[in-house]
Amino acid sequence: MLYLDHNATSPLLPAARAAWLEAGEDFPGNPSSPHRLGARAEGALEQARQKLAALLGCSPLDVVWTGGATEACNTVLHHAATAASGGGDSAAVVWVSAIEHPAVRESARHFFRDHVRLIPVDAQGIVDLGWLKDNLTRTRPALVAIMAANNETGVLQPWSKAHDLCAASDVPFFCDATQWCGRLPASGLGGCDFVAGSAHKFGGPRGVGFLRCPAGSPLHPLVHGGKQQDGRRAGTENVAGVVAMLAALEWCEGQLAAGADAARRAARDRFERALREAMPGAAINGAAAPRLWNTVSVVMPDAADCRQRWVVKLDKAGFAVSTGSACSSGSEAPSHVLTAMGLGAAEASRALRFSGGWLTPDSAWGDLLQALVRIQSTLATPDAT
Ligand code: PLP
């Protein structure tokens with residue numbers, strides 16, 4: 001099976017697996033326990049905190065371990081809503097980009113009810129900084145949330161510029177960097193007020209992630225209980241998961257430092273060119289925008305049948321691909337990301353997403369193209385299904 005669904009989850013990297021197994025053996029204690037085994041586990045967390053802080057460019061004190069990015073995103077939105085209402089602003093508004101993952105979009109709706117404004121994107125799927133600049137001159141929201149890289153299209157967002165605009169207006173800025181981390185350098189992200197990341201998107205284990213938040217000011221916790229992590233997130237920390245997450249992230253950063261992304265990007269670009277030639281009606285979403293090197297989001301040609309059948313046929317042919325975000329697959333609702341980019345429901349319903357990883361062989365793209373062409377000929381013939 002060729003796995004081309006890394007944006008949904010990326011299989012455990014060998015370096016992360018080794019670190020995970022080793023940490024499970026080496027750190028049997030609870031990091032909050034008063035004995036030496038507890039101190040050793042806390043030491044492992046502290047070392048991981050320092051490594052992550054060095055990669056992001058922030059203080060180790062800013063790092064909070066979570067059960068993944070969804071929890072980190074919910075924590076930020078919950079914090080912003082609680083801080084605003086505690087400060088007497090019961091009508092506080094949050095601005096989130098129109099292409100945010102449901103982890104941000106739905107938690108914004110939950111905590112801010114109908115006080116959510118969507119920041120528009122252009123036809124390439126890039127957030128409209130002009131809109132942000134204009135609106136910041138008129139009013140100050142409780143929080144601005146703009147992701148680093150989109151999970152469906154791979155389109156990169158100008159998060160650094162957006163952060164600068166927000167900082168100039170003294171508005172807290174949250175960057176969901178779940179798809180960026182491990183694929184592009186994390187350096188500089190730590191300058192944002194809040195940052196979310198998730199181990200399983202870059203080859204670490206599932207169910208562990210992180211939140212960067214400013215250590216100097218209190219965080220209204222989402223998860224209540226014990227006093228772990230300075231009261232910012234209750235619950236015993238997943239020590240082996242955290243250690244493995246950092247092993248995965250450091251391995252990916254090593255690939256980036258060696259420039260290994262260039263060849264992967266070239267292989268992906270060759271695939272896109274060949275796909276357009278072989279299927280003239282196919283359109284790459286965000287083709288003119290800077291994008292993650294691993295992602296292809298494509299609207300299949302008009303006559304080529306519905307995307308669910310493509311996914312099933314590709315599955316049978318040995319390719320694991322997706323229709324878009326994992327969270328919306330299975331539902332036939334058109335993608336909010338693609339509709340925000342101006343695609344009609346019919347076009348959006350023909351979208352497929354292919355996403356590779358560091359260990360995906362370049363030849364996978366050529367094999368996928370052949371399978372797509374083969375399957376298209378069967379889809380065009382109703383009897384052949
Ligand atoms: N944010 C983005 C951009 C994502 O792609 C995802 C997962 O698809 C999440 C948040 C949620 O991550 P997790 O599975 O760690 O909760």
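Nothing here was measured: the structure is a model prediction, and the numbers come from that model. Atoms within each ligand, like the ligands themselves, are counted from 1 in listed order.
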D5 with R353: basic N within carboxylate O range, under 4.0 Å: yes
Contact atoms of ligand 1, heavy-atom distance to [X] under 4.0 Å:
X	answer
G68	15 (O)
T70	11 (C), 12 (O), 13 (P), 16 (O)
S198	13 (P), 15 (O)
M147	3 (C)
N151	3 (C), 5 (O)

- request: Hey, can you tell me if F173 and H163 have their rings parallel, tilted or perpendicular (30° and 60° cut-offs)?
  value: tilted
- request: Fit a plane to each ring of F354 and F271, take the angle between them on a 0 to 90° scale, and name the class: parallel (under 30°), tilted (30 to 60°) or perpendicular (over 60°).
  value: perpendicular
query: Among R206, H200, E71, whose heavy atom sits nearest atom 14 (O) of ligand 1?
result: H200
message: Can you confirm whether the side chains of Q179 and R183 place a donor and an acceptor under 3.5 Å from each other?
response: yes
message: We want to know whether T9 and R206 form a side-chain donor-acceptor pair, criterion being a heavy-atom distance below 3.5 angstrom.
response: yes
- prompt: Short N/O distance, under 3.5 Å, between A103 and ligand 1?
  reply: no
message: Between ligand 1 and N7, is the shortest N or O to N or O distance under 3.5 Å?
response: no
- prompt: Between D176, V104, I119, which is the residue that forms a side chain to side chain contact (heavy atoms under 4.5 Å, CB included) with I146?
  reply: I119
